[in-house]
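Numbers restart at 1 for each chain; the letters A, B, ... are given by sequence-line order, proteins then strands.
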Number of protein chains: 2
Amino acid sequence: MKDYLRQHIISNLGKTPDNLDQVLAAFSERKTKRNELLLREGDICRHVFFIVKGCLQVFVVGKNGNESVREFFFENNWTTDIFGFQNQLPAKESIKCVEPCQLLQIHYEQFQAMANAFPEFREMYKHILEVSYNNAVYRVNTLTAMNALERIQWLNENQPKILTRLSSKIVASYLGISPETFTRLKGKA
Amino acid sequence: MKDYLRQHIISNLGKTPDNLDQVLAAFSERKTKRNELLLREGDICRHVFFIVKGCLQVFVVGKNGNESVREFFFENNWTTDIFGFQNQLPAKESIKCVEPCQLLQIHYEQFQAMANAFPEFREMYKHILEVSYNNAVYRVNTLTAMNALERIQWLNENQPKILTRLSSKIVASYLGISPETFTRLKGKA
DNA sequence: TTGAAACCTTGACATTTATCAACGTTTTTC
DNA sequence: GAAAAACGTTGATAAATGTCAAGGTTTCAA
């Protein structure tokens with residue numbers, strides 16, 4: 001499993017870093033079932049997850065009990081509650097497995113140790129942060145500037161994997177619309 | 001003007017960094033008029049701005065020509081098109097002055113030079129990134145999980161400055177609703 | 001200072017989207 | 001493999017929100 005992470009790090013940095021084996025050793029393997037919860041809102045996030053296989057969703061639960069998905073993460077991506085993790089404060093979101101997953105996880109202390117020890121690790125983290133932020137920016141702009149149909153079209157053009165791989169119900173939640181509206185509009189997209 | 005930035009850096013890091021004067025010297029002062037455009041979507045963002053006095057908005061222009069505000073920034077905050085700036089790629093958003101502003105700006109080359117030279121500068125940038133990302137996360141979650149009235153209430157509790165300091169029109173755009181709906185609902189909030 | 005422009009509010013109405021219920025289909029679980 | 005649960009779709013209807021127009025107010029710029 002760690003070979004996937006090895007390749008990811010090399011391609012992220014554009015080179016093979018020194019101490020790569022030492023970094024890989026800080027991660028442990030974890031296999032999950034579908035719908036398994038990795039982090040519950042209010043708990044303190046102790047890990048960063050790297051997805052070898054599967055899909056995660058980061059979400060909040062609204063007043064009516066509905067889940068609102070903020071983001072999906074697929075293979076070769078990182079997921080955590082970044083702010084809560086870095087400051088070891090209660091999470092404002094939950095994380096769960098949309099599919100059965102193969103993950104590599106690194107604990108808070110190990111993560112900070114790696115960041116302190118290796119400039120390349122910090123560099124990679126910075127890059128991940130920038131990409132994550134950029135994705136969140138797109139999310140805000142599609143949600144404020146587009147109606148339901150336009151959001152579906154945007155997804156179709158920019159993240160088609162989400163439409164083909166995931167259930168309609170969960171995609172509707174991601175788009176901030178009801179499942180019925182999604183059914184009705186996706187024919188027109 | 002640079003005293004504001006000096007204080008900001010000290011409080012952000014929790015200590016006075018070495019080479020602070022050298023960092024401050026990399027910034028130049030800039031005064032702007034209301035509505036002055038600092039970055040146009042599609043252009044390459046060459047600067048990071050620190051706000052000494054005033055308010056900036058980051059926004060996109062929708063199909064109908066309406067501006068949709070993604071975020072406001074006030075005194076003692078940083079603003080730039082982070083992803084476009086770091087990769088020197090065309091911006092996906094525009095930045096303009098909501099009020100007349102006093103800014104300190106640092107150019108791309110200078111910024112990278114500071115980041116390469118000073119660990120504390122990198123540390124501060126990381127911190128800014130994490131806070132910015134966290135804010136974007138809140139934005140996504142309020143937009144997907146709340147209706148118009150709930151968003152106004154959320155703003156009232158979490159960012160009251162936005163409601164009191166800025167025009168209704170622009171706040172409505174930030175909330176992703178029409179000015180008329182905002183007028184009608186804010187009485188009930 | 002003054003005319004022009006932008007803004008805020010309100011009403012009437014149109015459009016979009018949500019909700020509820022029903023039912024056939026698919027998926028999960030034991 | 002069979003029962004139960006979750007899902008996807010459709011229709012009817014309700015609720016939320018947008019659009020257009022008008023008029024009073026505030027702000028801006030010459």
Residue A/K169 excluded, over 12 heavy atoms near NZ under 6.0 Å: no
Phosphate OP1/OP2 of D/dG18 contacted by B/T181 side-chain N/O (<4.0 Å): yes
Nearest-Å distance for atom pair CG/P, residues A/L166 and D/dC7: 13 Å
Value in whole Å for how far the P atom of C/dA6 lies from CD of B/E67: 13 Å
Sugar-phosphate, base or nothing in reach of A/R34, heavy atoms under 4.0 Å: sugar-phosphate
Residues which pass salt bridge (Lys or Arg N to Asp or Glu O under 4.0 Å) with A/R6, listed by chain and number, not counting sequence neighbours: A/D3, A/D21
Whole-Å gap separating C1' (C/dT17) and CE (B/M146): 19 Å
Sugar-phosphate, base or nothing in reach of A/L149, heavy atoms under 4.0 Å: nothing
Ring pair (Phe, Tyr, Trp, His ring centres under 6.0 Å) contacts in which one or both residues fall within residues 168-189 of chain A, not counting sequence neighbours: A/F72-A/Y174
Interatomic distance where CD1 belongs to A/I152 and P belongs to C/dT17 [whole Å]: 9 Å
Sugar-phosphate, base or nothing in reach of A/S178, heavy atoms under 4.0 Å: base
A/E180 side chain, from C-beta outward: closest of C/dT19, C/dA18, D/dT17: C/dT19
Sugar-phosphate, base or nothing in reach of B/G187, heavy atoms under 4.0 Å: nothing
Base D/dG11 paired with A/R184 side chain (donor-acceptor, <3.5 Å): yes
Any A/T183 side-chain N or O less than 4.0 Å from OP1/OP2 of D/dT9: yes
Greater than 12 external heavy atoms within 6.0 Å of B/R40's CZ: no
Distance in angstrom units between B/E99 CD and D/dT27 P, rounded: 14 Å
Position toward the 5' end of DNA chain D (nearest nucleotide), B/N35 or B/N147: B/N147
Integer-rounded Å distance: D/dT17 C1' and B/L175 CG: 13 Å
d(CD1, B/I177; P, C/dT9) in whole Å: 12 Å
Touch class at under 4.0 angstrom, heavy-atom based, for B/K186 against every strand present: sugar-phosphate
Between C/dT10 (C1') and B/F182 (CZ): distance, integer Å: 16 Å
Over 12 foreign heavy atoms within 6.0 Å of OH, B/Y4: no
